[in-house]
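Written below as structure tokens is the structure these notes are about.
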Amino acid sequence: MKVRTRFAPSPTGFMHLGGLRTALYAFIFARKHGGNFILRIEDTDRARYVEGATEVIYETLRECGLNWDEGSDKGGGYAPYIQSERMKDGLYMKYALELIEKYEAYYCYCLPEAETCDCKNSKIRKPDIPFVIRQRIPCGGTTAFKDEVYGEIKVDNSEIEDQILIKSDGMPTYNFANVIDDHTMNITHVIRGNEFLSSTPKHVLLYKAFGWEPPVYIHAAPIMRDASHKLSKRDGDAYFSDFKAKGYLTRAIVNYIALLGWSPKGENEIFSLEELSSEFDISGISKSPAIFDEVKMRAINAHYIRTLPLEEFKLLAMPYICASAPESEPPAIDYDILCAALQPRTEVLTDITPQVDFIFEVRDYQADLYNNKKMKTSPETAFSALKDSLKIINTDGFSRDEIYDAFKALSEKNGVKIGYYLYPLQVALTGKPAAPGGGLDICVMLGKDESLRRIEKAIVKLS
RNA sequence: GGCCCGUUGGUCAAGCGGUUAAGACUCCGCCCUUUCACGGCGGCAACAGGGGUUCGAGUCCCCUACGGGUCACCA
């Protein structure tokens, strides 16, 4: 039988990382087994519907590469894929009526506030007052099912109340619609968060009442903010879009969340979507919750950034480089050199901006920045070193090698480290104790004229 | 509260009765080095507690503690 998985979100807001991970697992599981991944929108609760939420779901899944095979926008053999549309054909009511005929369900016209319901033996005919349809749950016995990650789970039927199938507004409840849809869409594997573990017996009971075969259940533990709180929308940083804004790469986010609650067979932790699709295995899903660790995600993001081809990094970096520009054009410097230096110093894209403000202008700095123990420099030594630098840099050739050789020769002659000259140069050119590249790199990056101007200014400052 | 589920370093986690209890991130040290990084090498650090079963238990069973989920005409 062909594997069919689905992601069935409710359009209630932005795409939460927990939801994204669930979608990811459903997607890669389907891919791994050559099956189909279905996107179904569960919008039976009108009160919680949020305008535009469906589009956000589509966009996020698309951006992450979780391309669904069937869904409301591309059709498929089981359309429609939006519950509110499925309901129009009376689909859920039809199945509810079927259960009533089978004596597996009944009309109940107790008021919502009623403590207990005594409609159990109400007549088969539809009453002409507001009603709901409830499933008749066996009084005795147990209901059991096997979850692929939690194993055998069994509960007493006495723990389960006669669940409502059709609400008084005519809409199906989540549990009912969910089961009807999964069955009519031929879903073979239900992959979802383990908050549904407790309601799964209800679902199983529904399958039994219809005489249908339940799907394979795979429940995943939640992603946590800390030991006792789920990563939630209230934390302000649980949305996919939040992390995009912070400068994370989509593939890094996807890679990281895949690792939260699932562990690969080998020791490699870096996986593309394609690799995940072949590596993924249910046996690697963990039962216990995983605490979200942004530090680790940063490390993974850093890895992706570092392995980007320079040209691609440059494309991503330019907006962040220009972000601190006064308002004028970005200066004419060598951006290849800048980006090559920036790349290993960037964990998330937003790290870039504060590192490159010096390319626009040198901000005011203290002269004691020239003090460097390792380089044996001070404002005094810098003063003379910069004068030497001025001469060396002011050559016709202005090639990196040429300048380097000149500094090398000079430092050897005077028995000092090359940093004795280059560290002050860096400070003079950037006004910073740490820069993306050493003094020589910055010098070549800025160009001869700009470098000379900055060095002269620094000398004046020191005199 | 009832029911269900979980608990290996700070975090993610491997482990399926016999291991010096992996690996990754973080942190620390060293090397490389014109700063800061990158990279390389090394290090610190864990089986929640108590009872069983067994020649032998992180691994199996029970209890306790702690944490989570669920008990809706929400999904």
Side-chain angles (χ1 to χ4, degrees), chain A residues 8-12 42-45 47-48 83 108 110-112 130-134 147 149-151 153-156 158-161 163-175 177-178 193-202 219 221-222 224 226-230 256 259-270 283-284 286-300 302 306 341-347 355 369 372 374-375 377 404 407-408 411 417-427 430 432-443:
Chain A
S10 293
T12 57
E42 307 213 336
D43 59 346
T44 54
D45 184 7
R48 294 219 303 180
Q83 283 186 335
C108 167
C110 294
L111 295 174
F131 69 94
V132 300
I133 295 178
R134 311 183 89 113
D147 180 88
V149 351
Y150 288 95
I153 290 178
K154 187 167 69 174
V155 295
D156 288 337
S158 58
E159 296 291 332
I160 304 169
E161 73 168 48
Q163 61 177 330
I164 291 176
L165 272 21
I166 300 291
K167 302 184 257 185
S168 58
D169 63 0
M171 301 281 255
T173 55
Y174 164 79
N175 286 326
N178 193 263
N194 77 358
E195 67 267 27
F196 293 104
L197 207 48
S198 302
S199 48
T200 304
K202 291 181 180 179
H219 287 93
M224 311 289 282
D226 57 48
S228 52
H229 301 275
K230 259 196 198 186
Y256 178 63
L259 259 20
L260 274 180
W262 171 74
S263 107
K265 289 270 193 287
E267 290 187 347
N268 176 36
E269 288 191 323
I270 302 299
S283 66
S286 77
K287 297 179 170 76
S288 49
I291 297 174
F292 179 82
D293 181 10
E294 191 168 347
V295 174
K296 172 89 179 194
M297 186 162 81
R298 269 185 86 96
I300 289 179
R306 287 195 294 263
L342 237 27
Q343 200 168 358
R345 280 165 256 253
T346 303
E347 294 190 321
Q355 292 188 76
L369 226 66
N372 187 304
K374 212 166 127 197
M375 302 304 145
T377 61
Y404 179 82
F407 274 117
K408 188 82 179 161
S411 56
K417 288 183 174 181
I418 197 167
Y420 179 86
Y421 294 99
L422 295 180
Y423 179 70
L425 180 60
Q426 172 199 310
V427 174
T430 67
K432 296 166 153 251
L440 184 52
D441 303 299
I442 305 286
C443 178

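All values derive from a computational prediction rather than experimental measurement. Lettering follows sequence order; numbering is per chain, from 1.
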From [atom1] ([X]) to [atom2] ([Y]), nearest 0.5 Å:
X      : Y      : atom1 : atom2 : value
A:Y421 : A:L440 : OH    : CG    : 14.5 Å
A:K296 : A:L260 : NZ    : CG    : 9.5 Å
A:I153 : A:H219 : CD1   : NE2   : 8.0 Å

Atom pair distance, as rounded to whole Å: [atom1] in [X] and [atom2] in [N]:
X      : N     : atom1 : atom2 : answer
A:D293 : B:U11 : CG    : C1'   : 5 Å
A:Q163 : B:C3  : CD    : C1'   : 16 Å
A:D226 : B:U11 : CG    : P     : 11 Å
A:K265 : B:G23 : NZ    : P     : 19 Å
A:F407 : B:U34 : CZ    : P     : 13 Å
A:I291 : B:A24 : CD1   : C1'   : 16 Å
A:Y174 : B:A75 : OH    : P     : 9 Å
A:D441 : B:U34 : CG    : C1'   : 8 Å

N-glycosidic conformation, B:C60 - syn within 90 degrees of 0, else anti: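 Classified anti.
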
Heavy-atom donor-acceptor pair, A:Q163 side chain to A:T173 backbone, under 3.5 Å: no

Pairing partner of [N] (Watson-Crick or G-U wobble, both distances under 3.5 Å):
N     : answer
B:C55 : B:G18
B:G29 : B:C41
B:A65 : B:U7
B:U70 : B:G2

On a whole-Å scale, what distance lies between the [atom1] atoms belonging to [N] and [M]?
N     : M     : atom1 : answer
B:G58 : B:U19 : C1'   : 11 Å
B:G49 : B:A57 : C1'   : 16 Å
B:G2  : B:U59 : P     : 27 Å
B:G10 : B:G51 : C1'   : 30 Å
B:G67 : B:A75 : C1'   : 24 Å
B:A13 : B:A22 : C1'   : 10 Å
B:A65 : B:C74 : C1'   : 33 Å
B:C38 : B:C28 : P     : 12 Å

Hey, does [X] reach any base, or is it just sugar-phosphate, or nothing, if we go heavy atoms under 4.0 Å?
X      : result
A:L260 : sugar-phosphate
A:G419 : sugar-phosphate
A:E269 : base
A:K417 : nothing
A:G437 : base
A:V295 : sugar-phosphate

Among [options], find the nucleotide with the atom closest to the side chain of [X].
X      : options             : answer
A:K287 : B:G6, B:C36, B:G10  : B:G6
A:S288 : B:U11, B:U35, B:G6  : B:G6
A:E267 : B:A14, B:A22, B:U35 : B:A22
A:V155 : B:C3, B:C5, B:U34   : B:C3
A:A434 : B:C74, B:G10, B:C36 : B:C36
A:M375 : B:U34, B:A24, B:A75 : B:U34
A:T173 : B:U34, B:U26, B:A75 : B:A75

5' precedence on RNA chain B between A:D156 and A:S168 (nearest-nucleotide basis):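 Looking at the nearest nucleotide for each, A:D156 comes out on the 5' side.
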
Pairwise 5' ranking along RNA chain B for A:P172 and A:S286, keeping only the more 5' one: A:S286

Audit row: A:M171, A:Q83, side-chain contact (heavy atoms from CB on, under 4.5 Å) steps and yes/no: CA-CA 10 Å; A:M171 301 281 255; A:Q83 283 186 335; over 6 Å; no

Min side-chain heavy-atom separation A:N194-A:D147 under 4.5 Å: no

Any A:K374 side-chain nitrogen or oxygen under 4.0 Å from OP1 or OP2 of B:U35: yes

Below 4.0 Å: OP1/OP2 of B:A37 and any side-chain N or O of A:R306: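 Looking at the OP1 and OP2 atoms of B:A37, neither is under 4.0 Å from any side-chain N or O of A:R306.
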
Distances under 3.5 Å between protein N/O atoms and the N/O atoms of nucleotides 68-71 of chain B, please, pair by pair.
residue, atom, partner, partner atom, Å
B:G68, OP1, A:S228, O, 3.0
B:G69, N2, A:S198, OG, 3.3
B:U70, O4', A:S198, OG, 3.3

Residue pair A:M297, A:F292: steps toward the side-chain contact (heavy atoms from CB on, under 4.5 Å) verdict: CA-CA 9 Å; A:M297 186 162 81; A:F292 179 82; 3.7 Å; yes

